[in-house]
Amino acid sequence: QGARILAVDDNPANLKVLLEVLEAGGNTVLVATDGDRALSIAAQASPDLILLDVTMPGLDGYEVCRRLQQAEATRGVPVVFLTARNERQDIMAGFAAGGVDYVTKPFCEDEVLVRVANHVRLRRLTADLEGANQALTHANDELRREAEQRQALKGQLSMISQREAERWG
């Protein structure tokens with residue numbers, strides 16, 4: 001099943017390549033050419049994944065990622081950085097900002113598709129596990145309340161039994 005992906009890059013040629021590759025892979029692609037627009041689209045569209053260029057005018061990719069991580073609506077959306085830089089410090093800065101992966105430019109189409117698919121799958125599995133955990137927590141709370149009610153009833157029955165025993169000798 002295709003994913004909704006937000007691709008953010010100030011270079012229209014890069015966006016065109018990403019759009020073609022990702023749509024051919026069965027995904028729905030939203031695009032933004034700057035950080036402010038990316039934040040707005042991400043908050044409204046709830047993408048499954050964000051491909052985010054590091055170097056952009058205005059807000060750079062690291063700052064956009066930090067803001068995405070701070071916002072409740074976008075905190076859980078995985079961010080994969082797009083960068084022409086392959087320096088260790090740049091990669092580490094991306095991870096420190098909250099990114100989950102990076103793809104170097106120029107893009108290898110298969111690499112982009114595989115990384116996107118893997119991170120979307122991880123996000124969906126995480127969401128499924130969180131949902132199952134919430135259901136188990138709810139069921140556990142219900143069982144705890146039922147056990148407390150039974151304990152209270154048991155105490156009442158014990159008192160009634162004792163009174164009846166005294167009454168009938």
Side-chain angles (χ1 to χ4, degrees), residues 1-9 14-15 17-32 35-54 56 59-83 88 90-104 107-157:
Q1 168 178 336
R4 182 191 329 252
I5 299 166
L6 172 57
V8 185
D9 198 312
N14 288 341
L15 283 177
V17 169
L18 287 170
L19 187 68
E20 290 171 1
V21 168
L22 294 168
E23 284 183 341
N27 301 289
T28 301
V29 183
L30 308 165
V31 296
D36 288 321
R37 185 78 180 123
L39 291 168
S40 175
I41 291 172
Q44 294 172 9
S46 299
D48 295 307
L49 181 126
I50 298 171
L51 290 169
L52 181 59
D53 187 20
V54 171
M56 297 183 292
L59 297 176
D60 70 7
Y62 302 135
E63 181 59 26
V64 172
C65 187
R66 282 189 284 275
R67 292 184 187 190
L68 289 166
Q69 297 302 311
Q70 291 170 355
E72 181 67 32
T74 54
R75 183 171 296 132
V77 179
V79 173
V80 175
F81 281 106
L82 305 171
T83 182
R88 176 180 224 102
D90 294 322
I91 294 166
M92 296 312 292
F95 290 138
V100 296
D101 206 349
Y102 69 96
V103 174
T104 54
F107 309 117
C108 170
E109 295 177 9
D110 291 337
E111 178 185 9
V112 170
L113 286 174
V114 167
R115 288 182 190 260
V116 164
N118 284 341
H119 288 292
V120 167
R121 185 170 50 252
L122 283 172
R123 179 168 192 229
R124 289 177 177 166
L125 288 171
T126 300
D128 289 348
L129 285 173
E130 287 171 352
N133 189 42
Q134 286 177 351
L136 287 171
T137 299
H138 178 72
N140 192 34
D141 291 343
E142 289 294 317
L143 286 171
R144 186 176 298 116
R145 280 192 286 279
E146 187 177 324
E148 289 168 358
Q149 288 174 348
R150 287 180 182 219
Q151 191 64 31
L153 288 173
K154 184 178 175 185
Q156 289 174 355
L157 285 174

| query | Can you tell me how far CZ of Arg115 sits from CG of Asp110, rounded to the nearest 0.5 angstrom? | reply | 12.0 Å
| task | Mind listing the closest non-hydrogen atom pair of Ile41 and Ala32 along with its distance? | result | CD1-CB, 4.0 Å
| message | Could you check whether atom CD of Glu23 has more than 12 heavy atoms from other residues, nucleotides or ligands sitting under 6.0 Å from it? | response | yes
| request: Determine, stepwise, if the pair Asp101 / Val79 fulfils side chain to side chain contact (heavy atoms under 4.5 Å, CB included). | output: CA-CA 7 Å; Asp101 206 349; Val79 173; over 6 Å; no
| From CD (Gln134) to CG (Leu129), nearest 0.5 Å | 11.5 Å
| said: Under a 3.5 Å threshold, yes or no: a donor from one side chain and an acceptor from the other, between Arg121 and Asn118? | reply: yes
| Got a salt bridge between Asp48 and Arg4, using NZ or NE/NH1/NH2 to carboxylate O under 4.0 Å? | no
| task | Please step through side chain to side chain contact (heavy atoms under 4.5 Å, CB included) for the pair Leu18 and Leu51, ending with a clear verdict. | result | CA-CA 9 Å; Leu18 287 170; Leu51 290 169; 4.0 Å; yes
| message | Side chains of Leu39 and Val64, heavy atoms from C-beta outward: is any pair under 4.5 Å? | response | yes
| Nearest 0.5 Å, what's the CG-CG distance between Leu19 and Asn27? | 10.5 Å
| field | Member of Val100, Val116, Leu6 meeting the side chain to side chain contact (heavy atoms under 4.5 Å, CB included) criterion with Leu49 | value | Val116
| message | Looking at Arg37, I want to see if its CZ is surrounded by more than 12 non-hydrogen atoms of other residues, nucleotides or ligands under 6.0 Å. | response | no
| field | Heavy-atom closest contact (Arg124 atom, Gly2 atom, distance) | value | NH2-O, 3.1 Å
| Working for side chain to side chain contact (heavy atoms under 4.5 Å, CB included), residues Leu22 and Val112 | CA-CA 8 Å; Leu22 294 168; Val112 170; 4.1 Å; yes
| message | Please report the interatomic distance CG(Leu15) to CG(Leu82), rounded to the nearest 0.5 Å. | response | 9.0 Å
| request: Of all the heavy-atom pairs spanning Pro47 and Ala42, show the shortest one and how long it is. | output: CD-O, 3.5 Å
| note | In Asp9, Val8, Asp36, the residue satisfying side chain to side chain contact (heavy atoms under 4.5 Å, CB included) with Met56 is Val8
| request: Mark yes or no for whether Arg123, through its side chain, and Gly76, through its backbone, hold a donor-acceptor pair below 3.5 Å. | output: yes
| When rounded to the nearest 0.5 angstrom, what is the spacing between CG in Asp90 and CZ in Arg88? | 12.0 Å
| message | With a 4.0 Å cut-off on N to O distance, would you call Glu63 and Arg67 a salt bridge? | response | yes
| query | Ala97 and Cys65: which non-hydrogen atoms are nearest, and at how many Å? | reply | O-SG, 3.4 Å
| Ring-ring centroid check Tyr62 Phe81, cutoff 6.0 Å | yes
| task | Determine whether Phe107 and Val21 make a side-chain contact, defined as any pair of heavy atoms from C-beta on separated by less than 4.5 Å. | result | no
| Electrostatic pair Arg145-Glu142, nearest N-O below 4.0 angstrom | yes
| For the residue pair Arg75 and Gln70, what are the closest heavy atoms and their distance? | NH2-O, 2.8 Å
| said: Using side chain to side chain contact (heavy atoms under 4.5 Å, CB included), reason through Ile50 and Val80 one step at a time and then give a plain yes or no. | reply: CA-CA 6 Å; Ile50 298 171; Val80 175; over 6 Å; no
